[in-house]
K.L.:
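Attaching a single structure in C-alpha coordinates format; questions to follow.
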Amino acid sequence: MELPRHEGQLPRITARYRIETPCDPERAAEAMAGEQSSGTFLKLAGETEALRERHAARVESVTCLEAGTMPSLPGALPGKTYTSADVSLSWPLENIGTSLPNLLATVFGNLTELRELSGIRLTDLIMPACFIEAFPGPQFSIEGTRRLASTEHGPLVGTIIKPSVGLAPEETAALVKQLIEGGIDFIKDDELIADPPYSPLSERVPAIMRVLNEHAQRTGRKPMYAFNITGDTDEMRHRHDLVRDHGGTCVMASVNWIGLGALATLRRHSQLAIHGHRNGWGTFYRHPKLGISYRAYQALLRLAGADHLHVNGLASKFAEEDASVMDSARACLTPLLEGVERDDRAMPVFSSAQTVYQACPTFQQLQSTDLIYTCGGGIMAHPDGVAAGCRSIRAAWEAASIGVSLEDHAKQEPDLAVALRAFRSPFSG
(Lines give C-alpha, C1' and ligand atoms only; values in the text may rest on other atoms or scores of the structure.)
Protein backbone atom coordinates (compact mmCIF):
# COMPACT_ATOMS: atom_id res chain seq x y z
CA MET A 1 0.00 0.00 0.00
CA GLU A 2 1.34 3.44 -0.94
CA LEU A 3 0.99 5.76 2.02
CA PRO A 4 -0.35 9.29 1.40
CA ARG A 5 1.68 12.30 2.42
CA HIS A 6 0.39 15.43 4.12
CA GLU A 7 2.53 18.50 3.51
CA GLY A 8 5.50 16.22 2.87
CA GLN A 9 4.97 14.17 6.02
CA LEU A 10 3.99 10.51 6.14
CA PRO A 11 0.99 9.71 8.37
CA ARG A 12 1.71 8.61 11.93
CA ILE A 13 0.20 6.26 14.49
CA THR A 14 -0.12 7.69 18.00
CA ALA A 15 -0.33 5.60 21.17
CA ARG A 16 -1.15 6.87 24.63
CA TYR A 17 -0.01 5.25 27.86
CA ARG A 18 -0.29 5.51 31.61
CA ILE A 19 3.13 4.60 32.95
CA GLU A 20 4.80 4.33 36.34
CA THR A 21 8.56 4.77 36.54
CA PRO A 22 11.40 5.05 39.08
CA CYS A 23 13.16 7.33 36.55
CA ASP A 24 12.44 10.81 35.35
CA PRO A 25 9.28 10.30 33.23
CA GLU A 26 10.86 12.13 30.29
CA ARG A 27 13.78 9.70 30.36
CA ALA A 28 11.38 6.74 30.62
CA ALA A 29 9.42 8.00 27.61
CA GLU A 30 12.63 8.32 25.59
CA ALA A 31 13.54 4.74 26.54
CA MET A 32 10.10 3.59 25.35
CA ALA A 33 10.48 5.40 22.03
CA GLY A 34 13.96 4.03 21.45
CA GLU A 35 13.05 0.45 22.36
CA GLN A 36 10.14 0.42 19.95
CA SER A 37 11.85 2.00 16.95
CA SER A 38 15.45 2.56 15.93
CA GLY A 39 17.19 2.63 19.31
CA THR A 40 19.11 0.03 21.28
CA PHE A 41 21.39 0.05 24.30
CA LEU A 42 24.46 0.61 22.08
CA LYS A 43 25.13 3.14 19.36
CA LEU A 44 24.97 1.39 15.98
CA ALA A 45 26.81 2.38 12.82
CA GLY A 46 23.69 1.95 10.73
CA GLU A 47 21.60 4.20 12.96
CA THR A 48 22.17 7.36 10.97
CA GLU A 49 20.58 10.73 11.56
CA ALA A 50 18.61 10.27 8.34
CA LEU A 51 17.29 6.90 9.53
CA ARG A 52 16.30 8.32 12.91
CA GLU A 53 14.60 11.28 11.28
CA ARG A 54 12.52 8.99 9.08
CA HIS A 55 11.80 6.04 11.37
CA ALA A 56 12.31 6.93 15.05
CA ALA A 57 9.38 7.08 17.41
CA ARG A 58 8.68 10.54 18.76
CA VAL A 59 7.76 11.48 22.32
CA GLU A 60 4.77 13.74 21.75
CA SER A 61 3.94 14.54 25.37
CA VAL A 62 4.65 13.60 28.97
CA THR A 63 2.37 14.68 31.80
CA CYS A 64 3.48 13.83 35.32
CA LEU A 65 0.89 12.65 37.82
CA GLU A 66 1.14 11.35 41.38
CA ALA A 67 4.17 9.61 42.89
CA GLY A 68 4.44 6.75 45.37
CA THR A 69 7.16 4.99 47.27
CA MET A 70 6.45 1.41 46.13
CA PRO A 71 6.55 -0.05 42.61
CA SER A 72 3.33 -1.53 41.30
CA LEU A 73 5.14 -4.30 39.41
CA PRO A 74 8.37 -6.16 40.17
CA GLY A 75 11.57 -6.02 38.14
CA ALA A 76 11.93 -2.28 37.67
CA LEU A 77 15.05 -0.29 38.41
CA PRO A 78 15.28 0.63 42.11
CA GLY A 79 14.11 4.09 43.01
CA LYS A 80 13.11 6.25 45.93
CA THR A 81 9.86 7.28 44.25
CA TYR A 82 7.74 5.83 41.45
CA THR A 83 6.05 8.48 39.37
CA SER A 84 2.95 7.95 37.26
CA ALA A 85 2.67 9.84 34.00
CA ASP A 86 0.58 10.03 30.86
CA VAL A 87 2.81 9.54 27.82
CA SER A 88 2.05 9.92 24.14
CA LEU A 89 4.33 8.42 21.47
CA SER A 90 4.00 8.40 17.71
CA TRP A 91 5.50 6.36 14.86
CA PRO A 92 5.55 6.85 11.11
CA LEU A 93 3.04 4.49 9.58
CA GLU A 94 5.83 3.53 7.20
CA ASN A 95 7.38 1.51 10.05
CA ILE A 96 4.30 -0.67 10.31
CA GLY A 97 2.38 -0.76 7.06
CA THR A 98 -1.17 -2.02 7.29
CA SER A 99 -0.71 -4.90 9.72
CA LEU A 100 -2.59 -5.20 13.01
CA PRO A 101 -0.19 -7.71 14.62
CA ASN A 102 2.78 -5.52 13.70
CA LEU A 103 0.96 -2.45 14.96
CA LEU A 104 0.68 -4.09 18.38
CA ALA A 105 4.27 -5.28 18.24
CA THR A 106 5.28 -1.66 17.61
CA VAL A 107 3.13 0.20 20.13
CA PHE A 108 3.30 -2.38 22.92
CA GLY A 109 5.89 -5.03 22.10
CA ASN A 110 8.72 -5.06 24.63
CA LEU A 111 7.44 -2.11 26.64
CA THR A 112 5.96 -4.34 29.33
CA GLU A 113 9.48 -5.62 30.09
CA LEU A 114 11.44 -2.37 30.30
CA ARG A 115 13.20 -1.92 33.65
CA GLU A 116 12.56 1.81 33.37
CA LEU A 117 8.89 1.04 33.96
CA SER A 118 7.18 -0.32 37.06
CA GLY A 119 3.83 -0.06 35.31
CA ILE A 120 2.52 0.48 31.78
CA ARG A 121 -0.95 0.49 30.28
CA LEU A 122 -1.82 1.23 26.67
CA THR A 123 -4.80 3.56 27.01
CA ASP A 124 -5.63 4.67 23.47
CA LEU A 125 -4.65 4.45 19.81
CA ILE A 126 -5.09 7.23 17.28
CA MET A 127 -4.88 5.82 13.77
CA PRO A 128 -4.86 7.84 10.54
CA ALA A 129 -7.75 7.40 8.14
CA CYS A 130 -5.57 5.69 5.53
CA PHE A 131 -4.73 2.94 8.05
CA ILE A 132 -8.34 2.41 9.09
CA GLU A 133 -9.51 2.36 5.48
CA ALA A 134 -7.05 -0.44 4.69
CA PHE A 135 -9.28 -2.84 6.68
CA PRO A 136 -12.86 -3.77 5.76
CA GLY A 137 -14.00 -3.67 9.39
CA PRO A 138 -17.24 -5.33 10.52
CA GLN A 139 -19.14 -6.87 7.63
CA PHE A 140 -22.62 -6.59 9.17
CA SER A 141 -22.29 -4.19 12.12
CA ILE A 142 -25.56 -3.19 13.80
CA GLU A 143 -28.07 -2.92 10.98
CA GLY A 144 -26.86 -6.12 9.33
CA THR A 145 -27.08 -7.98 12.61
CA ARG A 146 -30.63 -6.75 13.15
CA ARG A 147 -31.59 -7.89 9.67
CA LEU A 148 -30.04 -11.33 10.11
CA ALA A 149 -31.68 -11.76 13.53
CA SER A 150 -35.09 -10.51 12.37
CA THR A 151 -35.06 -7.87 15.13
CA GLU A 152 -35.77 -4.39 13.83
CA HIS A 153 -36.18 -2.51 17.12
CA GLY A 154 -34.96 -2.73 20.70
CA PRO A 155 -32.07 -4.78 22.03
CA LEU A 156 -31.44 -8.30 20.80
CA VAL A 157 -32.63 -10.36 23.75
CA GLY A 158 -30.22 -13.25 23.96
CA THR A 159 -28.95 -16.13 25.99
CA ILE A 160 -26.13 -18.64 26.26
CA ILE A 161 -26.60 -22.36 26.05
CA LYS A 162 -26.59 -23.63 29.64
CA PRO A 163 -25.28 -25.89 31.02
CA SER A 164 -22.12 -24.65 29.30
CA VAL A 165 -20.79 -28.14 28.65
CA GLY A 166 -22.19 -31.65 28.52
CA LEU A 167 -25.24 -31.34 26.26
CA ALA A 168 -25.36 -33.60 23.21
CA PRO A 169 -26.32 -32.03 19.85
CA GLU A 170 -29.97 -33.09 20.00
CA GLU A 171 -30.26 -31.92 23.61
CA THR A 172 -28.92 -28.53 22.58
CA ALA A 173 -31.36 -28.39 19.66
CA ALA A 174 -34.26 -29.18 22.00
CA LEU A 175 -33.26 -26.27 24.24
CA VAL A 176 -32.95 -24.00 21.20
CA LYS A 177 -36.50 -24.97 20.20
CA GLN A 178 -37.80 -23.84 23.60
CA LEU A 179 -35.91 -20.57 23.38
CA ILE A 180 -36.98 -19.56 19.89
CA GLU A 181 -40.59 -20.48 20.59
CA GLY A 182 -40.30 -18.24 23.64
CA GLY A 183 -39.30 -15.30 21.44
CA ILE A 184 -35.52 -15.15 21.84
CA ASP A 185 -33.57 -13.06 19.32
CA PHE A 186 -30.04 -14.37 19.82
CA ILE A 187 -28.43 -17.56 21.17
CA LYS A 188 -24.76 -18.37 21.47
CA ASP A 189 -22.60 -21.33 22.26
CA ASP A 190 -20.63 -20.99 25.46
CA GLU A 191 -16.94 -20.26 24.94
CA LEU A 192 -16.17 -23.63 26.55
CA ILE A 193 -17.72 -25.61 23.72
CA ALA A 194 -16.42 -25.55 20.15
CA ASP A 195 -15.95 -29.00 18.61
CA PRO A 196 -15.70 -31.47 21.51
CA PRO A 197 -16.11 -35.24 21.10
CA TYR A 198 -19.43 -35.30 22.98
CA SER A 199 -20.94 -32.59 20.72
CA PRO A 200 -19.09 -32.41 17.38
CA LEU A 201 -19.83 -29.26 15.43
CA SER A 202 -20.57 -31.43 12.40
CA GLU A 203 -23.56 -32.82 14.34
CA ARG A 204 -24.45 -29.77 16.44
CA VAL A 205 -24.81 -27.38 13.50
CA PRO A 206 -27.32 -29.45 11.48
CA ALA A 207 -29.32 -30.33 14.60
CA ILE A 208 -29.70 -26.71 15.66
CA MET A 209 -30.17 -25.28 12.17
CA ARG A 210 -32.91 -27.79 11.45
CA VAL A 211 -34.86 -26.27 14.35
CA LEU A 212 -34.10 -22.69 13.31
CA ASN A 213 -34.90 -23.25 9.65
CA GLU A 214 -38.20 -24.97 10.44
CA HIS A 215 -39.13 -22.07 12.72
CA ALA A 216 -38.24 -19.56 10.00
CA GLN A 217 -40.35 -21.39 7.41
CA ARG A 218 -43.30 -21.46 9.79
CA THR A 219 -43.09 -17.92 11.19
CA GLY A 220 -40.90 -15.91 8.80
CA ARG A 221 -38.58 -15.10 11.70
CA LYS A 222 -35.12 -16.61 12.16
CA PRO A 223 -33.29 -15.83 15.40
CA MET A 224 -29.50 -15.67 15.26
CA TYR A 225 -27.35 -18.48 16.63
CA ALA A 226 -23.61 -17.86 17.14
CA PHE A 227 -21.75 -21.15 16.69
CA ASN A 228 -18.37 -21.30 18.40
CA ILE A 229 -15.90 -22.12 15.64
CA THR A 230 -12.73 -21.21 17.58
CA GLY A 231 -9.72 -23.11 16.28
CA ASP A 232 -6.75 -22.65 14.00
CA THR A 233 -7.28 -20.72 10.77
CA ASP A 234 -8.02 -23.74 8.57
CA GLU A 235 -10.42 -25.17 11.15
CA MET A 236 -12.30 -21.89 11.42
CA ARG A 237 -12.71 -21.57 7.65
CA HIS A 238 -14.04 -25.12 7.43
CA ARG A 239 -16.36 -24.62 10.40
CA HIS A 240 -17.62 -21.32 9.01
CA ASP A 241 -18.53 -23.07 5.76
CA LEU A 242 -20.38 -25.77 7.68
CA VAL A 243 -22.52 -23.14 9.43
CA ARG A 244 -23.09 -21.20 6.20
CA ASP A 245 -24.08 -24.29 4.23
CA HIS A 246 -26.76 -25.15 6.80
CA GLY A 247 -28.27 -21.67 6.69
CA GLY A 248 -26.60 -20.19 9.76
CA THR A 249 -26.04 -16.46 10.11
CA CYS A 250 -23.33 -16.09 12.78
CA VAL A 251 -20.08 -17.62 13.97
CA MET A 252 -18.26 -16.96 17.22
CA ALA A 253 -14.54 -16.92 18.00
CA SER A 254 -12.54 -16.46 21.20
CA VAL A 255 -10.65 -13.46 19.90
CA ASN A 256 -7.88 -13.37 22.51
CA TRP A 257 -6.76 -16.91 21.72
CA ILE A 258 -7.01 -16.91 17.93
CA GLY A 259 -5.25 -13.53 17.59
CA LEU A 260 -5.81 -10.47 15.43
CA GLY A 261 -4.27 -12.04 12.32
CA ALA A 262 -6.56 -15.06 12.43
CA LEU A 263 -9.59 -12.87 13.08
CA ALA A 264 -8.73 -10.72 10.06
CA THR A 265 -8.27 -13.87 7.95
CA LEU A 266 -11.66 -15.17 9.12
CA ARG A 267 -13.25 -11.81 8.22
CA ARG A 268 -11.88 -11.98 4.67
CA HIS A 269 -13.36 -15.46 4.26
CA SER A 270 -16.60 -14.95 6.14
CA GLN A 271 -20.09 -14.53 4.73
CA LEU A 272 -21.58 -14.53 8.24
CA ALA A 273 -21.61 -12.17 11.20
CA ILE A 274 -18.63 -12.62 13.54
CA HIS A 275 -19.35 -12.66 17.27
CA GLY A 276 -16.17 -11.70 19.13
CA HIS A 277 -15.92 -13.32 22.56
CA ARG A 278 -13.26 -11.78 24.79
CA ASN A 279 -12.81 -14.54 27.40
CA GLY A 280 -9.47 -13.97 29.10
CA TRP A 281 -9.97 -10.20 28.99
CA GLY A 282 -9.06 -9.90 32.68
CA THR A 283 -5.46 -10.64 31.71
CA PHE A 284 -5.36 -7.33 29.84
CA TYR A 285 -7.22 -4.96 32.16
CA ARG A 286 -7.47 -6.21 35.71
CA HIS A 287 -4.21 -4.78 37.05
CA PRO A 288 -4.52 -0.97 36.85
CA LYS A 289 -0.81 -0.56 36.08
CA LEU A 290 -0.51 -3.18 33.34
CA GLY A 291 -2.27 -4.12 30.14
CA ILE A 292 -4.48 -2.53 27.51
CA SER A 293 -7.58 -0.40 27.89
CA TYR A 294 -10.73 -1.59 26.18
CA ARG A 295 -10.90 1.61 24.13
CA ALA A 296 -7.70 0.63 22.30
CA TYR A 297 -8.46 -3.10 22.29
CA GLN A 298 -11.93 -2.89 20.74
CA ALA A 299 -10.73 -0.63 17.93
CA LEU A 300 -8.25 -3.29 16.83
CA LEU A 301 -10.89 -6.03 16.95
CA ARG A 302 -13.31 -3.95 14.91
CA LEU A 303 -10.65 -3.31 12.28
CA ALA A 304 -10.01 -7.06 12.21
CA GLY A 305 -13.71 -7.64 11.50
CA ALA A 306 -15.69 -8.36 14.68
CA ASP A 307 -19.39 -7.46 14.34
CA HIS A 308 -20.19 -8.01 18.04
CA LEU A 309 -17.94 -7.53 21.07
CA HIS A 310 -18.48 -8.45 24.71
CA VAL A 311 -18.36 -5.68 27.30
CA ASN A 312 -19.51 -7.51 30.48
CA GLY A 313 -22.60 -6.00 32.11
CA LEU A 314 -23.73 -3.77 34.95
CA ALA A 315 -23.54 -5.35 38.41
CA SER A 316 -22.08 -8.47 36.84
CA LYS A 317 -20.35 -11.41 38.52
CA PHE A 318 -17.00 -10.19 37.21
CA ALA A 319 -14.49 -7.71 38.64
CA GLU A 320 -14.94 -4.91 36.10
CA GLU A 321 -16.49 -1.72 37.43
CA ASP A 322 -19.77 -0.51 35.95
CA ALA A 323 -18.22 2.74 34.66
CA SER A 324 -15.69 0.71 32.67
CA VAL A 325 -18.46 -1.47 31.23
CA MET A 326 -20.37 1.53 29.96
CA ASP A 327 -17.27 3.23 28.58
CA SER A 328 -16.52 0.01 26.69
CA ALA A 329 -20.01 -0.11 25.20
CA ARG A 330 -19.85 3.53 24.15
CA ALA A 331 -16.49 2.89 22.49
CA CYS A 332 -17.98 0.04 20.43
CA LEU A 333 -20.77 2.35 19.24
CA THR A 334 -18.41 5.19 18.27
CA PRO A 335 -17.44 5.09 14.57
CA LEU A 336 -13.74 4.80 13.83
CA LEU A 337 -14.29 6.97 10.77
CA GLU A 338 -16.97 9.63 10.70
CA GLY A 339 -19.03 10.51 7.65
CA VAL A 340 -18.16 7.56 5.44
CA GLU A 341 -20.26 5.00 3.63
CA ARG A 342 -19.29 2.03 5.78
CA ASP A 343 -20.56 1.38 9.31
CA ASP A 344 -17.62 0.21 11.40
CA ARG A 345 -19.40 0.09 14.74
CA ALA A 346 -19.62 -3.17 16.68
CA MET A 347 -22.70 -4.23 18.59
CA PRO A 348 -21.82 -4.36 22.32
CA VAL A 349 -22.78 -7.58 24.06
CA PHE A 350 -23.88 -7.24 27.69
CA SER A 351 -23.53 -10.46 29.68
CA SER A 352 -22.62 -12.01 33.02
CA ALA A 353 -25.40 -12.37 35.62
CA GLN A 354 -27.77 -10.05 33.74
CA THR A 355 -31.46 -10.17 34.71
CA VAL A 356 -34.50 -7.92 34.42
CA TYR A 357 -32.92 -5.56 36.96
CA GLN A 358 -30.04 -4.30 34.79
CA ALA A 359 -32.18 -3.35 31.78
CA CYS A 360 -33.25 0.11 32.98
CA PRO A 361 -29.85 1.36 34.22
CA THR A 362 -28.17 -0.03 31.08
CA PHE A 363 -30.55 1.93 28.85
CA GLN A 364 -30.37 5.06 31.01
CA GLN A 365 -26.58 5.15 30.84
CA LEU A 366 -26.09 4.04 27.22
CA GLN A 367 -29.14 5.80 25.74
CA SER A 368 -29.28 3.17 23.03
CA THR A 369 -30.83 -0.21 22.36
CA ASP A 370 -28.20 -1.12 19.77
CA LEU A 371 -26.91 -3.99 21.86
CA ILE A 372 -27.21 -7.69 22.58
CA TYR A 373 -28.45 -8.39 26.10
CA THR A 374 -27.59 -11.97 27.01
CA CYS A 375 -29.02 -13.62 30.08
CA GLY A 376 -28.30 -17.22 31.08
CA GLY A 377 -29.95 -17.76 34.43
CA GLY A 378 -31.91 -14.53 33.99
CA ILE A 379 -33.95 -16.33 31.33
CA MET A 380 -33.54 -20.04 31.99
CA ALA A 381 -34.08 -19.86 35.75
CA HIS A 382 -37.43 -18.07 35.46
CA PRO A 383 -39.87 -20.05 37.63
CA ASP A 384 -42.40 -20.30 34.80
CA GLY A 385 -39.94 -21.55 32.22
CA VAL A 386 -37.74 -20.36 29.41
CA ALA A 387 -40.48 -18.65 27.38
CA ALA A 388 -41.60 -16.66 30.40
CA GLY A 389 -37.96 -15.74 31.03
CA CYS A 390 -37.66 -14.33 27.50
CA ARG A 391 -40.87 -12.35 27.89
CA SER A 392 -39.76 -10.95 31.25
CA ILE A 393 -36.49 -9.59 29.81
CA ARG A 394 -38.29 -8.02 26.87
CA ALA A 395 -40.81 -6.44 29.25
CA ALA A 396 -37.98 -5.01 31.35
CA TRP A 397 -36.52 -3.34 28.26
CA GLU A 398 -39.94 -2.01 27.31
CA ALA A 399 -40.15 -0.41 30.76
CA ALA A 400 -36.71 1.11 30.24
CA SER A 401 -37.58 2.52 26.80
CA ILE A 402 -40.83 4.18 27.95
CA GLY A 403 -39.32 5.42 31.20
CA VAL A 404 -41.46 3.61 33.77
CA SER A 405 -40.29 1.58 36.75
CA LEU A 406 -40.07 -2.19 36.59
CA GLU A 407 -42.59 -2.44 39.41
CA ASP A 408 -45.18 -0.31 37.61
CA HIS A 409 -44.68 -2.11 34.31
CA ALA A 410 -44.96 -5.47 36.08
CA LYS A 411 -48.57 -4.68 36.94
CA GLN A 412 -49.46 -5.45 33.33
CA GLU A 413 -46.64 -7.91 32.61
CA PRO A 414 -47.07 -11.04 34.76
CA ASP A 415 -43.81 -12.68 33.61
CA LEU A 416 -41.90 -9.57 34.72
CA ALA A 417 -43.72 -9.60 38.06
CA VAL A 418 -42.63 -13.20 38.65
CA ALA A 419 -39.05 -12.38 37.70
CA LEU A 420 -38.93 -9.46 40.13
CA ARG A 421 -39.94 -11.80 42.92
CA ALA A 422 -37.67 -14.63 41.81
CA PHE A 423 -34.44 -12.70 41.31
CA ARG A 424 -32.68 -10.44 43.77
CA SER A 425 -31.75 -6.98 42.60
CA PRO A 426 -27.96 -6.65 42.37
CA PHE A 427 -28.36 -2.98 43.27
CA SER A 428 -30.14 -3.58 46.59
CA GLY A 429 -26.93 -3.74 48.64
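The basis for the numbers below is simple: all heavy atoms, side chains too, and nothing from hydrogens, waters or symmetry mates. Values in this document were obtained by computation on a predicted structure and should not be read as measured data.
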K.L.:
Going through the checks in order, is the side-chain contact (heavy atoms from CB on, under 4.5 Å) test met by Thr14 and Leu89?
P.N.:
CA-CA 6 Å; Thr14 300; Leu89 305 180; over 6 Å; no
K.L.:
May I ask you to check whether Phe186 and His275 place their ring centres under 6.0 Å from each other?
P.N.:
yes
K.L.:
Taking the six-membered ring for Trp, are Phe318 and Trp281 closer than 6.0 Å centroid to centroid?
P.N.:
no
K.L.:
Can you check whether Asn110 reaches Leu114 side chain to side chain, under 4.5 Å on heavy atoms?
P.N.:
no
K.L.:
Would you say Glu60 and Ser90 are linked by a side-chain donor-acceptor pair, where the criterion is simply a distance under 3.5 Å?
P.N.:
yes
K.L.:
With sequence neighbours left out, write down each residue that passes side chain to side chain donor-acceptor pair (under 3.5 Å) with Thr355, or none if nothing qualifies.
P.N.:
Gln358
K.L.:
Verify the distance criterion only: is there a donor paired with an acceptor across the side chains of Ser72 and Glu20 at less than 3.5 Å?
P.N.:
yes
K.L.:
For Ala129, check side chain to side chain contact (heavy atoms under 4.5 Å, CB included) against everything at least two apart and list the hits.
P.N.:
Glu133, Leu337
K.L.:
Is the closest side-chain donor-acceptor distance between Asp190 and Ser164 under 3.5 Å?
P.N.:
yes
K.L.:
Looking at Asp195, Asp234, Asp232, which one forms a salt bridge (charged side-chain N to carboxylate O under 4.0 Å, His left out) with Arg239?
P.N.:
Asp195
K.L.:
Under a 3.5 Å threshold, yes or no: a donor from one side chain and an acceptor from the other, between Thr265 and Arg268?
P.N.:
yes
K.L.:
Would you check if there is a donor-acceptor pair between the side chains of Tyr294 and Asn312 at a distance under 3.5 Å?
P.N.:
no
K.L.:
Are any side-chain N or O atoms of Asn95 and backbone N or O atoms of His55, one a donor and one an acceptor, separated by less than 3.5 Å?
P.N.:
yes
K.L.:
Mind checking what makes side chain to side chain contact (heavy atoms under 4.5 Å, CB included) contact with Thr249, not counting sequence neighbours?
P.N.:
Leu148, Met224
K.L.:
Decide yes or no for Pro223 and Leu212: does some side-chain heavy atom of the first lie under 4.5 Å from some side-chain heavy atom of the second?
P.N.:
yes
K.L.:
Taking the basic N atoms (NZ, or NE/NH1/NH2) and the acidic carboxylate oxygens, is any pair closer than 4.0 Å for Arg146 and Asp370?
P.N.:
yes
K.L.:
Examine the side chains of Tyr225 and Asp189 and answer whether a donor and an acceptor come within less than 3.5 Å of each other.
P.N.:
yes
K.L.:
With a 4.0 Å cut-off on N to O distance, would you call Arg16 and Asp86 a salt bridge?
P.N.:
no
K.L.:
Among Ile274, Val349, Ile142, which residue satisfies the side chain to side chain contact (heavy atoms under 4.5 Å, CB included) criterion with His308?
P.N.:
Val349
K.L.:
Is a donor from one side chain sitting under 3.5 angstrom from an acceptor on the other, for Ser150 and Arg221?
P.N.:
no
K.L.:
Judged by modelled atom types alone, do Glu116 and Thr21 share a side-chain donor-acceptor pair under 3.5 Å?
P.N.:
no
K.L.:
Given salt bridge (charged side-chain N to carboxylate O under 4.0 Å, His left out), test Glu320 with Arg278 step by step and report yes or no.
P.N.:
CA-CA 13 Å; Glu320 189 170 8; Arg278 69 177 196 179; 2.8 Å; yes
K.L.:
Between Arg302 and Asp307, does at least one N-O distance fall below 4.0 Å, as a salt bridge requires?
P.N.:
no
K.L.:
Run Lys177 and Glu170 through salt bridge (charged side-chain N to carboxylate O under 4.0 Å, His left out) and show every step you take.
P.N.:
CA-CA 10 Å; Lys177 183 176 176 65; Glu170 291 300 334; over 6 Å; no
K.L.:
Going by side chain to side chain contact (heavy atoms under 4.5 Å, CB included), Ser141 matches just one of Arg345, Met347, Arg342. Which one?
P.N.:
Arg345
K.L.:
When you compare the side chain of Leu366 with that of Phe350, does any pair of heavy atoms fall below 4.5 Å?
P.N.:
yes
K.L.:
For Gly119, does its backbone N or O pair with a side-chain atom of Tyr82 as donor and acceptor, under 3.5 Å?
P.N.:
no
K.L.:
Taking the side chain as every heavy atom from C-beta outward, state whether Arg267 and Phe135 have any pair of such atoms under 4.5 Å apart.
P.N.:
no
K.L.:
Strictly by modelled atom types, are Lys188 and Asn228 linked by a side-chain donor-acceptor pair under 3.5 Å?
P.N.:
no
